[in-house]
**Q** 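Sharing a structure with you now.
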Amino acid sequence: INQEHIINLMKNLTKYIIFLLFPLTGLMAQTCPDTVKLSLVTNFDGPDFTVDILVDNYKDIVGFQFGLNYDADLLIPKFVTSAISGFNADNFTVNSNGNIRFFWLGGALGETLPNKTKLLTLKFTPMHLSSTGYLEISPKQLPFEFVNSNTDVLCVKADFKEFTTKGHTVSGKLIFDSNDNCLADLDESGLNDWLIELDDNGKKYYRNTKSDGSYNFSLPDGIYSIRVIPRNKFWQLCDDVKNIRVSGENIENQNFLATEFKECIKLKTDISTRSLKRCTDNTYHLVYENQGNITAQDAQISVYYNNEFMQFVGTDHNDFTLGTGSVTFNIGTMDVNVIDTIKVILNLRCDNTIDAQTYCVTAVASPNDPCDVVSEWSGAKLEVDALCDKLGEKVKFTIKNSGVGNMKNPKTYIVTEDDVMRPPKPIQLDLAEALEIELPANGTTYRIFATQDDAFPYDSPVATLALEGCGENGGGTFSTGYVTIFEESDRDLFIDTDCQQALRFNISNLMVASPVGYGEPHYIEKGTNIEYLIRFNNTSGDTLSSVIIRNNIPNTLDITTLQMGASSHPYTYRFNKERDLIITFDQLVLPHDMGNNTVSEGFVKYKIAPISTLNDGDSIKNTARILYNYGPQEATNLVYHVIGTNFIISSTEWSDSPLDIKFYPNPTTNTLIVDTKDLIYKTSQYQIFDQYGRSCGNGTLSASKDNISCDHLPNGIYNIHLKIDQKPIVTVKIVKL
């Protein structure tokens, strides 16, 4: 081996060491001698999507490495080529998270390319038409390293590009036809946030109208139909469907005109917070909107909270009135299609709260009188209230008819204890009549459901309320986590109840569904609205300027019922592909998470309903992906529900008047505790039956608090019959896990 060859080997080795040690040299270097500029050029020539990476100031380069992030939901890499010498398949790697890493090492003398030369050319296969994605040359996955023949580490200027796999543009506007003449007059404005549906031979795409009412689709040649989905049943369209043919050119002015079908004020409100923490001022974000077709006068929004646990701190709205456990905001006149936000700061106290306990805040907008009332409705409206009587050691529920008429029909109410349902009881209340229900304050989470009268003109069919943390159970604590398993009475647009468990730490990349659902399958009834809250948290180490959430709405959810809700920061949203909801926060200054620091967190919430064709046993699964500063996607957890009917464990059935006997835990894994408390008796026997009526065991109880062993029982549902002094007292349904 001659001396020149040894020198070249040493030079190459030096360059490899430079690449390996670059993170350290980058920390030490204060300046760099020159700048290599990389830029992206894209072309969708069908069927391939081509990406050229152009380079400027590429002089005497002996090696480089850098990474390209791409939209993995939209693009599948096919191949990579390069004009530089020696570049082959060993010089790049592709991972499944949407990142391609390039590494090349050339000769000792280096290589020079003219400005705007194609350093690399990539071919992708697009998976969806009329869809927007992104490309980013980024140091997040692999540090930038361009080294010249003098072993200088050069600066690099990167590039980011959004692209659309588009054909020809079909565009138009949705216009509020305020004078009902089905003509687009100059003084008439657009309607924003309405859904536009495009049908491509049974395949449906969605877009939401912008602030001026505009929308557009990018489409290849073909025949399509476009329709507008009204915000509610009180709107109508002059022409609700347009059939169009795309053939070689853009199509413009595909306008729709919306007018009133029936005059109606439809105020919407939605409220939530980043995450609820004790001993902290928690900022609730309230969004409100007039989705009706006439102006609302003297509009107000009231926010209700439990003042035993929460204290009002402040707001950014200057016209408000404080009450006991409430704050009312005077909005005044609200025009059609107006949307705005309010911040409400509530402090969750230290002295009488615990982590994992649930605290609820409710926002109610008014006026909220129903616009569609049928003669069959009695005028009755049931409302529920709850009180924890600590001195009397009782929980007191009140069901009151606060409507304008007597109930015509006998209905039922039920009480659940944690996740066990007591037997339904009849209820039929006259105007202003109230029914009081007393229960033992034993640490159980109670919830009451009262069924509204026939033809009730509001969307929520029951009045419901939960009470947690009153009294103590046999273990000296109280149950938590049961408040959110059931739906609140907030299906109507004008009311929203946000119930959250207090958290100790910040949580990142989390999707929370409310209601959580019943039991391990997360059962919900068919007509239940689901709220999805998506949390993000800056753990990157740097301040974030952009967060993008991508949530493909599953086919089991009715996308036409989507209602975007409250958020921690301003956002825009759009639809991509067929059902991909993309929520963009692009005006952020989100600092790094320094521990228990809520300013590093953010969230967004929306409501949606299951499709009407689901049957019992059908499942709904949802997840989202989050991009921080256009980096690789980070997935949230998977949340799921199962449609069911009569899924709540049957209530305790008492032979006579209720006795204060407690059975826990239920469900159980091995032992069921029976606590008869102060009840005096001589003998007590129990017998266990499976759901088919077959005997599975029996025994006696010898103390006021005794155990029933369930180790021998296979997993399933069982009835336990309890006799005291030979008299049947109670039948309890339990679940063995």
Side-chain angles (χ1 to χ4, degrees), residues 39-53 68-77 97-100 122-138 159-172 192-200 203-212 214-222 224 226 246 250-252 254 534 545-553 559 562 564 570-588 604 606 624-634:
S39 55
L40 295 163
V41 177
T42 62
N43 180 43
F44 179 49
D45 48 13
D48 292 333
F49 180 76
T50 303
V51 178
D52 292 319
I53 300 178
L68 173 72
N69 294 324
Y70 65 93
D71 191 340
D73 281 341
L74 184 55
L75 300 175
I76 300 175
N97 295 323
N99 176 260
I100 302 177
L122 301 90
K123 292 282 188 179
F124 295 88
T125 299
M127 292 183 283
H128 304 271
L129 295 175
S130 188
S131 301
T132 301
Y134 70 92
L135 298 161
E136 181 191 29
I137 299 172
S138 169
D159 195 13
F160 171 83
K161 189 177 186 66
E162 256 195 356
F163 64 87
T164 302
T165 57
K166 65 182 179 181
H168 303 291
T169 299
V170 176
S171 60
N192 63 288
D193 286 344
W194 287 47
L195 277 184
I196 310 292
E197 180 185 83
L198 179 137
D199 192 308
D200 176 14
K203 193 173 186 178
K204 291 180 169 56
Y205 295 80
Y206 295 91
R207 296 291 184 267
N208 55 299
T209 57
K210 308 306 178 187
S211 58
D212 62 350
S214 63
Y215 72 92
N216 69 78
F217 293 88
S218 296
L219 303 167
D221 290 350
Y224 307 91
I226 301 177
V246 178
N250 295 338
I251 299 178
E252 300 176 344
Q254 298 301 299
I534 303 170
S545 60
S546 173
V547 171
I548 299 175
I549 298 172
R550 305 167 73 97
N551 182 195
N552 189 263
I553 306 296
I559 203 169
L562 176 74
M564 299 301 297
Y571 68 90
T572 60
Y573 75 97
R574 59 186 172 87
F575 288 91
N576 197 23
K577 308 171 192 173
E578 293 92 327
R579 302 173 64 87
D580 214 21
L581 173 64
I582 299 180
I583 304 168
T584 301
F585 299 85
D586 57 4
Q587 299 178 4
L588 289 178
V604 66
Y606 70 85
R625 296 140 295 156
I626 304 176
L627 292 79
Y628 296 97
N629 276 4
Y630 300 102
Q633 299 181 136
E634 300 182 23

**Q** Would a 4.5 Å heavy-atom cut-off, applied to side chains only, mark Ile251 and His168 as touching?
**A**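 Not in contact.
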**Q** Flag the pair Met564 / Leu581 as yes when at least one side-chain heavy-atom distance between them is below 4.5 Å, and no otherwise.
**A**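 Yes, close enough: below the 4.5 Å cut-off.
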**Q** Does the side chain of Leu198 come within less than 4.5 Å of Leu219's, by heavy atoms?
**A** yes
**Q** Does some side-chain heavy atom of Tyr206 sit less than 4.5 Å from a side-chain heavy atom of Leu562?
**A** no
**Q** As an exercise, state the distance from OG1 of Thr169 to CG of Asn216, rounded to the nearest 0.5 Å.
**A** 6.0 Å
**Q** Taking the side chain as every heavy atom from C-beta outward, state whether Ser546 and Leu588 have any pair of such atoms under 4.5 Å apart.
**A**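 Of all side-chain heavy-atom pairs linking Leu588 with Ser546, none is under 4.5 Å.
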**Q** Measure the CG-CZ distance between Leu74 and Phe124 for me, rounded to the nearest 0.5 Å.
**A**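 The CG atom of Leu74 sits 10.0 Å away from the CZ atom of Phe124.
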**Q** Residues two or more places apart in sequence or in another chain: which of them pass side chain to side chain contact (heavy atoms under 4.5 Å, CB included) with Asp193?
**A** Asn208, Arg231, Tyr573
**Q** Of all the heavy-atom pairs spanning Ala72 and Asn97, show the shortest one and how long it is.
**A**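 Reported closest heavy-atom pair: CB-C, 4.4 Å.
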**Q** By side chain to side chain contact (heavy atoms under 4.5 Å, CB included), which residues pair with Asn552, not counting sequence neighbours?
**A**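 Expected list: Arg579, Asp580, Arg625.
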**Q** Can you name the closest pair of heavy atoms from Thr164 and Thr132 and give their distance?
**A**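 Of all heavy-atom pairs spanning Thr164 and Thr132, the closest is OG1-OG1, 3.2 Å.
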**Q** Identify the heavy atoms of Phe163 and Thr42 that sit nearest to each other, and give their distance.
**A**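 Closest approach of Phe163 to Thr42, heavy atoms only: CB-OG1, 4.2 Å.
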**Q** Can you list everything that forms a salt bridge (Lys or Arg N to Asp or Glu O under 4.0 Å) with Asp212? Sequence neighbours excluded, please.
**A**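 Here no residue qualifies.
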**Q** Look up atom CD1 in Ile226 and atom CG in Asp200, then write down how far apart they are to the nearest 0.5 Å.
**A**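 Result: 11.0 Å between the selected atoms.
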**Q** Is there a side-chain contact between Leu75 and Val51 in this structure, where contact means two heavy atoms from C-beta onward sitting under 4.5 Å apart?
**A**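 Contact flag for Leu75/Val51 side chains = no.
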**Q** If the plane angle is over 60° it's perpendicular, under 30° parallel, otherwise tilted; pick one for Tyr134 and Phe160.
**A** parallel
**Q** How close do Lys161 and Leu40 get, heavy atom to heavy atom, and via which atoms?
**A** CD-O, 3.8 Å
**Q** Looking at every non-hydrogen atom in both residues, tell me the closest pair between Asn551 and Ala624 and how far apart they are.
**A** CB-CB, 4.2 Å
**Q** Applying salt bridge (Lys or Arg N to Asp or Glu O under 4.0 Å) between Glu578 and each of Lys203, Lys204, Arg207, report the one that passes.
**A**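 Exactly one candidate clears the test, Lys203.
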**Q** Atom OH in Tyr70, atom CG in Asn99: separation rounded to 0.5 Å?
**A**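 Answer rounded to 0.5 Å: 8.0 Å.
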**Q** Count the heavy atoms of every other residue, nucleotide or ligand shown that sit under 6.0 Å from CD of Gln587, and state whether that count exceeds 12.
**A** no
**Q** According to side-chain hydrogen bond (donor to acceptor under 3.5 Å, both in side chains), who are the partners of Asn250, at least two apart in sequence or on a separate chain?
**A** none
**Q** Indicate the atoms forming the closest heavy-atom contact of Arg550 with Asn576, along with that distance.
**A** NH2-ND2, 3.9 Å
**Q** Could you give the distance from CD1 (Ile100) to CD1 (Ile53), rounded to the nearest 0.5 Å?
**A**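 If I round to the nearest 0.5 Å, the distance is 8.0 Å.
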**Q** Supply the atom-to-atom distance Ile549 CD1 to Ile534 CD1, rounded to the nearest 0.5 angstrom.
**A** 5.0 Å
**Q** Which residues pass the side chain to side chain contact (heavy atoms under 4.5 Å, CB included) test with Ser211, sequence neighbours left out?
**A** none
**Q** Could you pull out all residues at least two apart from Tyr224 that satisfy ring-ring contact (aromatic ring centres under 6.0 Å, His included)?
**A** none
**Q** Apply side chain to side chain contact (heavy atoms under 4.5 Å, CB included) to Asn69 and Leu627, showing your working.
**A** CA-CA 11 Å; Asn69 294 324; Leu627 292 79; over 6 Å; no
**Q** Do Tyr205 and Phe217 have ring centroids that are under 6.0 Å from one another?
**A**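 Not under 6.0 Å, so no.
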